[in-house]
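The model shown is predicted, which means the values in this text are computed figures rather than measured ones. Below, chain A is the first sequence line, B the second, and so on; all start at residue 1.
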Protein chains: 2
Amino acid sequence: MTEAAKPAPRKLRADAKRNRDAILLVAREAFTRSGMDIAEVSLDDIAKQAGIGSGTLYRHFANRDELLEAVYLAEVQRLAETADIFDQTLPPIEAVRRWMLLFIDYIATKKIIAPALNNVAGGPQRIFANTGTLIYGAIGKLVNRAIAMGEMRADVQSVDLLKALVGVSYLANTPDWHETATRLVDILLLGSRP
Amino acid sequence: MTEAAKPAPRKLRADAKRNRDAILLVAREAFTRSGMDIAEVSLDDIAKQAGIGSGTLYRHFANRDELLEAVYLAEVQRLAETADIFDQTLPPIEAVRRWMLLFIDYIATKKIIAPALNNVAGGPQRIFANTGTLIYGAIGKLVNRAIAMGEMRADVQSVDLLKALVGVSYLANTPDWHETATRLVDILLLGSRP
DNA sequence: CGTAAAACGGAGAGTGTCTCCGCTTAGGAG
DNA sequence: CTCCTAAGCGGAGACACTCTCCGTTTTACG
């Protein structure tokens with residue numbers, strides 16, 4: 001479960017797996033470096049840098065979005081798993097806060113990046129199905145518990161909070177970004193109390 | 001001031017102005033129709049539909065972003081002016097709430113669209129200077145008054161709220177979008193109180 | 001081994017951005 | 001009204017990127 005190299009249950013041939021991993025490695029590096037504006041990175045370039053033909057890249061990942069999702073799937077899974085842990089070890093509100101801060105931290109440290117999230121939260125019409133479900137499930141669980149324990153208003157929707165967070169993630173370029181984000185977490189939590 | 005067709009003080013030749021307006025008209029229509037995913041619309045297509053050569057389009061607007069900003073500048077100006085009115089006619093918190101809701105409404109009715117805002121709030125590295133300053137100034141003024149009157153905590157930053165709002169704007173495709181947005185406004189305001 | 005299925009790779013078709021520069025047109029001077 | 005000049009036009013084409021197609025190579029298994 002910690003291994004992210006096997007998203008499809010179907011087993012790959014040795015050379016296929018090798019290439020897939022090489023692509024993922026190069027792509028992560030390239031996406032991270034380009035920060036925002038993921039569209040700047042050419043997929044053919046990634047293929048070239050990974051030492052494979054572009055046809056091979058496109059057989060593994062049909063388009064930019066699929067590649068993007070695959071690159072960040074592992075980290076998103078980790079984020080989702082941490083939600084479970086927080087859920088079982090921390091008081092409700094604190095669990096939500098900590099998870100939100102962790103989420104922000106993932107972005108700050110580029111373990112995940114905003115453009116991979118834009119789409120995640122239901123954004124444009126793309127279909128980041130896996131990633132979206134994972135993240136949505138994670139915060140949903142935490143918020144629901146907080147509501148059940150009467151520590152959040154029943155009308156609070158976890159999506160609302162998530163979307164606000166994703167929005168803020170979009171400006172990881174300003175120097176005071178991290179403060180902005182944590183300030184917003186506080187505002188959101190305060191505003192969600194009964 | 002209500003006229004948005006003269007952003008540059010330099011006076012245009014008659015044919016130039018005619019073309020510029022034609023481009024803006026077609027572009028607005030095209031951007032609105034394409035909803036999200038503005039990148040889908042080809043600039044050369046816009047030129048063709050406006051009945052001009054692509055060279056002409058590119059002389060007026062050097063790239064997609066410049067065109068995008070020009071198209072929505074007028075509405076953004078109106079939004080900014082409304083902030084002034086609210087500022088003078090409504091109690092502080094109410095002014096902020098009403099403006100935020102108006103902002104959401106502009107998005108819901110496509111008077112402005114999210115992608116034109118992504119960048120606005122300092123998002124990616126683009127330089128939506130005019131638009132950004134206008135919107136930022138509008139909400140900044142309202143929030144500052146609310147703080148001065150002791151109705152919001154002094155540590156609340158208007159940017160924080162704005163960014164959260166922009167984030168939510170990104171999902172104008174889900175059916176319950178409007179509710180989500182208004183719910184978030186309430187959470188933000190509640191969480192901003194002293 | 002031998003062979004079928006899986007995977008590779010890169011040429012090239014299709015599309016989009018943006019530039020360049022010879023031609024056209026507006027609009028002021030006389 | 002006419003002429004002249006600078007502002008503006010337009011579209012061919014250079015360049016970049018995405019994605020497909022298919023002949024060639026590689027893997028894995030009997």
In whole Å, what is the span from the NZ atom of B:Lys48 to the P atom of D:dC9?
18 Å

Side-chain polar contacts of residues 51-61 of chain B - donor-acceptor pairs under 3.5 angstrom, sequence neighbours left out - could you list them?
none

Would you please name every residue forming a salt bridge (charged side-chain N to carboxylate O under 4.0 Å, His left out) with B:Asp44, sequence neighbours left out?
none

Whole-Å distance separating the CD atom of A:Glu66 from the C1' atom of D:dT18
14 Å

Can you name the residues that form a side-chain hydrogen bond (donor to acceptor under 3.5 Å, both in side chains) with A:Asp45, not counting sequence neighbours?
none

Show the distances under 3.5 angstrom between N or O atoms of the protein and N or O atoms of nucleotides 17-19 of chain C.
from	atom 1	to	atom 2	distance (Å)
C:dT17	OP1	B:Arg64	NH1	2.7
C:dT17	OP1	B:Arg64	NH2	3.3
C:dT17	OP2	B:Ser42	OG	3.4
C:dT17	OP2	B:Leu43	N	2.9
C:dC18	N4	B:Asp44	OD2	3.2

d(CD1, A:Ile46; C1', C:dG10) in whole Å
18 Å

Tell me which pairs pass side-chain hydrogen bond (donor to acceptor under 3.5 Å, both in side chains) where either residue lies in residues 141-161 of chain B, with sequence neighbours left out.
A:Arg183-B:Asp160, B:Asp84-B:Lys141, B:Asp87-B:Arg145, B:Arg153-B:Asp155

Rounded to the nearest angstrom, tell me the gap between atom CD in A:Glu40 and atom C1' in D:dA16.
12 Å

Indicate whether any N or O donor in one side chain lies under 3.5 Å from an N or O acceptor in the other, for A:Ser34 and A:Glu40.
no

Between B:Glu75 and B:Arg78, does at least one N-O distance fall below 4.0 Å, as a salt bridge requires?
yes

Show me the side-chain donor-acceptor pairs of residues 185-192 of chain A shorter than 3.5 Å, one per line, residues at least two apart or across chains.
from	atom 1	to	atom 2	distance (Å)
A:Asp186	OD1	A:Arg97	NH2	2.7
A:Ser192	OG	A:Leu188	O	2.6

Check side chain to side chain contact (heavy atoms under 4.5 Å, CB included) between B:Thr89 and all other residues, then give those that pass, not counting sequence neighbours.
B:Ile85

According to side chain to side chain contact (heavy atoms under 4.5 Å, CB included), who are the partners of B:Ala27, at least two apart in sequence or on a separate chain?
B:Phe31, B:Ile46, B:Leu67, B:Val71

Intra- and interstrand pairs of DNA chain C - dot-bracket, Watson-Crick/G-U under 3.5 Å, | marks other strand
||||||||||||||||||||||||||||||

With respect to the phosphate group of C:dA7, does any side-chain polar atom (N or O) of A:His60 fall under 4.0 Å of OP1 or OP2?
no

note: B:Leu57, atom CG; D:dG8, atom P; distance rounded to Å ~ 15 Å

Sorted by chain and number, sequence neighbours left out, salt bridge (charged side-chain N to carboxylate O under 4.0 Å, His left out) with A:Arg193 holds for none

Base, backbone or nothing for each nucleotide of nucleotides 23-30 of chain D, written B, S, -, heavy atoms under 4.0 angstrom, 5' to 3'?
---BSSS-

Can you name the residues that form a salt bridge (charged side-chain N to carboxylate O under 4.0 Å, His left out) with B:Glu29, not counting sequence neighbours?
B:Arg33

Rounded to whole Å, please give me the gap between CZ in A:Arg59 and C1' in D:dC22.
11 Å

To the nearest angstrom, the CG-P distance between B:Asp21 and D:dC9 comes to 12 Å

